[in-house]
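Every chain is numbered from 1, with letters handed out A, B, ... down the list of sequences.
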2 protein chains.
Amino acid sequence: MPSIKDVARKAGVGIATVSRVINNSGYVKQSTREKIEKVIQEIGYVPNEIARSMLKQKNNIVAFIIPNSTHLFFGELLYHVELELFKYGYKLMVCNSSESMEKELEYLDMLKNNRVDAIILLTNNDIEQYLNKDLPLISFDRKFKDVPFVASDNYQGGILAAKKLIDLGCDHLMFIGDDAQGDSTPVQTEVTKRRLGFMSYAKEHHHSEVINIEYPLGNYINIPEQVHKTVLEHPEVDGIFAISDAVACEVILNLEKHGKRVPEDVKVIGFDGGRSFLNLGKKMTSISQSPEQIAHAIAESIHSFYANEKVENKIIPVTLTNGETA
Amino acid sequence: MPSIKDVARKAGVGIATVSRVINNSGYVKQSTREKIEKVIQEIGYVPNEIARSMLKQKNNIVAFIIPNSTHLFFGELLYHVELELFKYGYKLMVCNSSESMEKELEYLDMLKNNRVDAIILLTNNDIEQYLNKDLPLISFDRKFKDVPFVASDNYQGGILAAKKLIDLGCDHLMFIGDDAQGDSTPVQTEVTKRRLGFMSYAKEHHHSEVINIEYPLGNYINIPEQVHKTVLEHPEVDGIFAISDAVACEVILNLEKHGKRVPEDVKVIGFDGGRSFLNLGKKMTSISQSPEQIAHAIAESIHSFYANEKVENKIIPVTLTNGETA
DNA sequence: TTGTAAGCGTTATCAA
DNA sequence: TTGATAACGCTTACAA
């Protein structure tokens, strides 16, 4: 592919002049400019961004380390993150970790070598100790030391769900989640606040104790068979808040398989937005996260950082989306 | 971040020697090597891939122009493409076109500027005239002049679906698809072969005519309301082949809403693999594409190209996955 | 208004 | 064994 030198030679000018033309900087005589533009057309010259990156020490590439782009909510988030970054002139590199910490570390090394401008990190692994100042990180739904983060208002989501179920007259509440606080792993993400918010509101406004099902972090999609068993062992439960739509969906299908009607016998609320679960046959009642707003906040943070503005942590509001399962 | 010069200075050697150490090339005295490695550790030097790219004229970045990573099958494909490319040392840039040709052209320009090593193109737009030799293209499910392609065996998929429905004793077949052959757009993709294979087999092995519903390319997920109406206008139909699982899912939900039982009254076969539609409440019968194999074929083609091997077009086999809808 | 030259961080060539 | 030095393609002083 032709370089700036080829243009300069063919136009009979110096490369600096060509540079001035393509960047519209400095003075260039009109006739010279036209001559150069003509040559550019003729030989199909386009500037090489790699060379520019080297000089500017900035390549406008952002990487997104994500467990799995196949997961419904993550897929949506990825889509919007790419869209928002594009508006600021950033390109997005996807890095599917498949939830493996080893893979995450491998990506981190690779991305450091590639001098990407930012790395969006979304993980449940115990990775804190491997993060350092040379990595331009921003994290989603997770706090790391010295790393700015964006998170949904998970606590408020828990409250909204509890309030909804209680308002609907549920007598026996249950929470189901793989948020892995406590013993199962040393990691605590912001997601656990869904549970905390739920519990807290229920404690204040509800008479009986909430049944709390907690299981280790899995693959985000399939939940352990044991959980289904436990649910069935509590026939008195008439209100369930699940940590994600995917989990809620599985729980609902299981309940229905065992003769329970949703929402008549048991009301179920998921978390994420229910958008992708039209094919459940009914619309899910869910606490909606806004992938658009999250993506916007992330892109804005990255942009602010390079504009030398202060990067604030951001909490994105959630809303209750009414559906047919509660 | 430190450069090779910093290492050289601190170790009291020339930069060429440092380069030899980090690339394990040429002769380096053991003691020198150790001294250099020590410095590298100390100052936390990692080589700058951007500089390497510039020199090698290769950056190991592949871009994937995809309509929407949120679409279930595309999301899976994206996931596997990234995985497969990673094995060959390639990084993946996602470019969501949202099906807009304008956006695709914008991406194409951007990617040319960025000298990416390959561009995987997945589009239904009439874009042929904008493609040129400077774009390192490979296409999925679509033939372009002088562009190598990978496609599923769509024709065979149509045959498998027709055979299945006929073997199950269906008397009145229907095909539903937005494959847009003929009038609706000048574009013809490989996907239209699903219809052709279906029709061809049905013609040979079936008595009555197949009802053919064709509608313009949409957003891959929602189908026009008119299609649902047309389906209901044909109560005699007892076997439907839909061009994708997403379409099949919508058709099934609509049929059930109107009192038809699937598969008892109408058998429905989708296309893609049915994997993501567990939450339909039943497993979909579907012609399975293999995102893994497709991704592998794509990655391999790109790799072959840079290994100076001949890049062949590749047709990936499909299989019938039995489910509960046919 | 224009051109020369330095420099961004590497690798590769060629002497030493 | 090693170290200058010339690329790679660009931007930006600095001179002219």
Expected rows: protein N/O vs nucleotides 1-5 of chain D N/O, under 3.5 Å:
unit_1, atom_1, unit_2, atom_2, d
D/dT2, OP1, B/Thr32, OG1, 2.5
D/dT2, OP2, B/Lys29, N, 2.8
D/dG3, OP2, B/Gly14, N, 2.8
D/dG3, OP2, B/Thr17, OG1, 2.5
D/dG3, N7, B/Arg20, NH2, 3.2
D/dG3, O6, B/Arg20, NH2, 2.4

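- As a whole-Å value, the separation of A/Leu55 CG from D/dT12 C1' is 8 Å.
- Here A/Gln57 lies in heavy-atom contact (under 4.0 Å) with sugar-phosphate atoms only.
- To the nearest angstrom, C1' of C/dT10 lies 11 Å from CZ of A/Arg115.
- Taking atom CZ on A/Arg9 and atom P on C/dG3, their separation rounds to 14 Å, with Å as the unit.
- At C/dC8, none of the side-chain N or O atoms of B/Asn48 fall inside 4.0 Å of OP1 or OP2 (strictly under the cut-off).
- Counting only heavy atoms from C-beta outward, the side chains of B/Arg52 and B/Glu49 approach each other to under 4.5 Å.
- Atoms CE (A/Met1) and C1' (D/dC8) sit 14 Å apart, rounded to a whole Å.
- For the pair A/Val28 and A/Arg33, the tightest heavy-atom approach, listed with the atom from each and the gap, is CG1-N, 3.8 Å.
- Relative orientation of the B/Phe86 and A/Tyr107 rings is tilted, given thresholds of 30° and 60° on the angle between their planes.
- Rounded to a whole Å, the NZ atom of B/Lys58 is 19 Å from the P atom of C/dT10.
- For the OP1/OP2 pair of D/dC10 and a distance below 4.0 Å, the side-chain nitrogens and oxygens of A/Ser19 include no atom meeting the criterion.
- Taking the side chain as every heavy atom from C-beta outward, A/Tyr45 and A/Ile22 approach each other to under 4.5 Å.
- Taking only side-chain nitrogens and oxygens, B/Lys5 comes nearer than 4.0 Å to OP1 or OP2 of C/dC8.
- Atom C1' of nucleotide C/dT11 and atom CG of B/Asn24 are separated by 15 Å, given to the nearest angstrom.
- The environment of CZ in B/Phe144 is crowded: more than 12 heavy-atom neighbours from other residues, nucleotides or ligands sit within 6.0 Å.
- Atom CG in A/Asn59 sits roughly 17 Å away from atom P in C/dC8 (whole-Å rounding).
- By the neighbour-count criterion of 12 heavy atoms within 6.0 Å, atom NZ of B/Lys58 is densely surrounded, having more than that number from other residues, nucleotides or ligands.
- Nucleotides of DNA chain D nearest to A/Ser25 and A/Ala51 differ in position, and the one nearer the 5' end is that of A/Ala51.
- What separates CZ of A/Arg52 from C1' of D/dC8 is a distance of 16 Å, to the nearest Å.
- B/Val46 comes within contact range of the sugar-phosphate backbone alone, with a heavy-atom separation under 4.0 Å but no base atom that close.
- More than 12 heavy-atom neighbours from other residues, nucleotides or ligands sit within 6.0 angstrom of CD on A/Gln129.
- Within the 4.0 angstrom heavy-atom criterion, only backbone atoms of the sugar-phosphate kind lie near A/Ile22; the bases stay farther away.
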